[in-house]
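First up is the structure itself, then whatever we jot down about it.
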Amino acid sequence: MRISTNTIYQSGTSKLSTLQSDQAKLQQQIATGRRILNPSDNPIASARALEVSHEKTVNTSFADTRKIAQLKLNTLEANLTSVTNLLVSTQSSLVGAGNGALSNNERKIISTELQGSLEALIGLANTQDASGNFIYAGFKSNTPAFTATATGATYNGDAQQQMLQVDPQRQMSINVTGDSLFQSGGYDVFATLSNLVTLLNTPITNAATQAAFSSGLSTAIGNLQGSVDNVLNVRTAIGTKLNELDTLDTAGTDRDLQYSQSLSDLQDLDYTAALSDLAKQQTIMEAAKKSFVSITCLLYTSRCV
């Protein structure tokens, strides 16, 4: 079968075009570092790469959420450290208050100190975070958690827990409500301090008032210890959550490395192989060009130079 001159020419042109296209693709792959430039290059790998990229993005989102949780919990822990120090200092003052040798005036001096402690504690209970939210008010974070009263303080917040999804399988509460911290388990620390101020301001004039004072002081010391225990229990829970977040961070970092490796395996170019293929393509292209020129010369001229 005879092949027309036009067919031979078109075949040569098509071959050169294909070689140029392959070479251009290799150059683009080398420039981008990606083996897959379009989904059609490898539909299965492209689909899997999209899945892994989505999983990696979700994993990063959880990592960002954990940072928020850690910030919130660290803010609470710092504040609770101050609360603990204040209450422990108050306990120390009460040890001296029970000294029977103290005069009524000396007990009044201690009551003044305790009044200052009460006001300081209400201030700590109304602490705001960096965003201006009251950290112990629950969802009513725009409202001060407590308002001072003649007998202690009134809680203005709610009992709602602020939950964050810190991992695919873990939701975590990242707030502490003021009522559960300062007024739970039958122990109202504000009322306890207020009662102590009143008790220390009441003169001891006889055996009956002395007995009432001793009984009231013993009850207050017990209540204050209960409040301290409440605070310490909350601090323990916060420390446990912070440790858990560290563990989740480690697992999340490991997953991120795995996702990155999977994406690399699916998408990244083998530069050594690609550069070798490019050199080979260039050699083939040069040979094809010379061959095409030679054939064209023979077909369309009587003599080739």
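Positions are given from 1, in the same order as the sequence printed here.
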(message) Is it the case that the side chain of Gln171 and the backbone of Val166 share a donor-acceptor pair, with hydrogens and angles ignored and the cut-off at 3.5 Å?
(response) no

(request) Please round to the nearest 0.5 Å and tell me the distance separating atom NE2 of His54 and atom OH of Tyr259. (result) 9.5 Å

(request) Compute whether any side-chain donor of one residue and acceptor of the other, for Asn99 and Glu106, lie under 3.5 angstrom apart. (result) no

(request) State plainly whether one hydrophobic cluster holds both Phe134 and Leu73, where clusters connect Ile, Leu, Val, Met, Phe, Trp and Tyr through side-chain heavy atoms under 4.5 angstrom apart. (result) no

(request) Indicate yes or no for a side-chain donor-acceptor contact from Asp129 to the backbone of Ile135 under 3.5 Å, with no hydrogens or angles considered. (result) no

(request) Please examine the side chains of Val231 and Val189, heavy atoms only from C-beta on, and report whether any two atoms are closer than 4.5 Å. (result) no

(message) Once you measure the plane-to-plane angle for Phe182 and Phe146, does it fall in the parallel (<30°), tilted (30-60°) or perpendicular (>60°) bin?
(response) perpendicular

(request) Over all heavy atoms of both residues, which pair between Leu200 and Phe213 is shortest? Give the atoms and the distance, please. (result) CD2-CE1, 3.7 Å

(request) Report the distance from atom CG of Asn156 to atom CG of Asn126, rounding to the nearest 0.5 Å. (result) 8.0 Å

(request) Flag this pair as yes if the NZ/CZ of Arg255 is under 6.0 angstrom from the six-membered ring centre of Phe62 and inside a 45 degree cone about the axis; otherwise no. (result) no

(request) Could you tell me the separation between the CD1 atom of Ile238 and the CG atom of Asn74, rounded to the nearest 0.5 Å? (result) 9.5 Å

(request) Report yes or no: does Gln210 contribute a side-chain atom to a donor-acceptor pair with the main-chain N or O of Gly100 at less than 3.5 Å? (result) no

(request) Quick one: pull up NZ in Lys67 and CG in Asp64 and give me the separation to the nearest 0.5 Å. (result) 5.5 Å

(message) Can a donor-acceptor pair be found, under 3.5 Å and without considering hydrogens, that links the side chain of Thr75 to the backbone of Leu71?
(response) yes

(request) Look at the side chain of Ser61 and the backbone N and O of Thr57, then say whether any donor-acceptor pair between them is shorter than 3.5 Å. (result) no

(request) Return the minimal non-hydrogen interatomic distance between Asp246 and Gln70, and the atom names on each side. (result) OD1-NE2, 3.5 Å

(message) Between Asn195 (side chain only) and Ala191 (backbone N and O only), is there a donor and an acceptor less than 3.5 Å apart?
(response) yes

(message) Under the criterion side chain to side chain donor-acceptor pair (under 3.5 Å), I'd like the reasoning laid out for Glu55 against Asn59: C-alpha separation, chi angles, the key distance, then a yes or no.
(response) CA-CA 6 Å; Glu55 292 167 358; Asn59 189 55; over 6 Å; no

(request) In sequence, state the C-alpha distance, the side-chain angles, and the governing distance for Thr202 and Thr209, and then conclude on side chain to side chain contact (heavy atoms under 4.5 Å, CB included). (result) CA-CA 9 Å; Thr202 302; Thr209 54; 5.8 Å; no

(message) Between Leu232 and Val234, is there shared hydrophobic-cluster membership here, with clusters defined by ILVMFWY side-chain heavy atoms closer than 4.5 Å?
(response) yes

(message) Side chains of Asn243 and Thr240: any donor to acceptor distance under 3.5 Å?
(response) no

(message) Can you confirm whether the side chains of Thr81 and Arg235 place a donor and an acceptor under 3.5 Å from each other?
(response) yes

(request) State, yes or no, whether a side-chain contact exists between Asn175 and Phe139 at a heavy-atom distance under 4.5 Å. (result) no

(message) Using side-chain heavy atoms (C-beta onward) and a distance below 4.5 Å, is Arg66 in contact with Asp167?
(response) yes

(request) Answer yes if Met163 and Met172 sit in the same cluster of Ile, Leu, Val, Met, Phe, Trp and Tyr residues linked by side chain heavy atoms under 4.5 Å apart, and no otherwise. (result) no

(message) Measuring from atom CG of Asn142 to atom CD of Gln128, what distance do you get when rounded to the nearest 0.5 angstrom?
(response) 9.5 Å

(request) Answer yes when Glu244 and Lys241 have at least one side-chain N-carboxylate O distance shorter than 4.0 Å, and no when they do not. (result) no

(message) Ignoring hydrogens, what is the shortest heavy-atom contact between Leu245 and Ala69? Give both atom names and the distance.
(response) CD1-CB, 3.9 Å

(message) If only side-chain N and O atoms count, and only distance matters, is there a donor-acceptor pair under 3.5 Å linking Asn79 with Thr127?
(response) yes

(request) Taking all heavy atoms of Ser180 and all of Ser184, pick out the closest pair and write down the distance. (result) O-OG, 2.7 Å

(request) Using atom types as modelled and distance alone, determine if a side-chain donor or acceptor of Ser111 lies under 3.5 Å from a backbone N or O of Lys108. (result) yes

(message) Any non-hydrogen side-chain atom of Ile204 less than 4.5 Å from a side-chain atom of Arg107?
(response) yes

(request) Would you sort out whether Leu121 and Leu87 count as a side chain to side chain contact (heavy atoms under 4.5 Å, CB included), showing the intermediate values? (result) CA-CA 9 Å; Leu121 185 61; Leu87 293 180; 4.2 Å; yes

(request) Could you tell me which non-hydrogen atom of Ala148 sits nearest to which non-hydrogen atom of Ile122, and how far apart they are? (result) CB-CD1, 3.7 Å

(request) Report the C-alpha distance between Leu224 and Gln91 in whole Å, list the side-chain angles of each, state the deciding distance to 0.1 Å, and finish with yes or no for side chain to side chain contact (heavy atoms under 4.5 Å, CB included). (result) CA-CA 7 Å; Leu224 189 59; Gln91 285 180 309; 3.5 Å; yes

(request) Ignoring hydrogens and angles, state whether a donor on the side chain of Gln258 or Asp254 is under 3.5 Å from an acceptor on the partner side chain. (result) no

(request) Could you go through the side chain to side chain contact (heavy atoms under 4.5 Å, CB included) check for Leu164 and Lys72 one step at a time? (result) CA-CA 11 Å; Leu164 287 181; Lys72 295 280 189 180; 5.6 Å; no

(request) State whether the side chain of Asn223 and the backbone N or O of Tyr187 hold a donor-acceptor pair below 3.5 Å, judged by distance alone. (result) no

(request) Compute whether any side-chain donor of one residue and acceptor of the other, for Thr177 and Asp179, lie under 3.5 angstrom apart. (result) yes

(request) Taking Ser218 for its side chain and Ser215 for its backbone only, find out whether a donor-acceptor pair lies under 3.5 Å. (result) no

(request) List the atom of Leu181, the atom of Tyr136, and the distance in Å for their closest heavy-atom pair. (result) CD2-CE2, 3.5 Å

(message) Could you check whether any side-chain heavy atom of Ser194 comes within less than 4.5 Å of a side-chain heavy atom of Leu118, counting everything from C-beta outward?
(response) yes

(message) If we ignore hydrogens and angles and just use 3.5 Å, is the side chain of Thr60 paired with the main-chain N or O of Lys56 as donor and acceptor?
(response) yes

(request) Would you indicate whether the side-chain heavy atoms of Glu113 and Ile109 approach each other to under 4.5 Å? (result) yes

(request) Any chance you could measure Thr192, atom OG1, to Leu199, atom CG, to the nearest 0.5 Å? (result) 11.5 Å

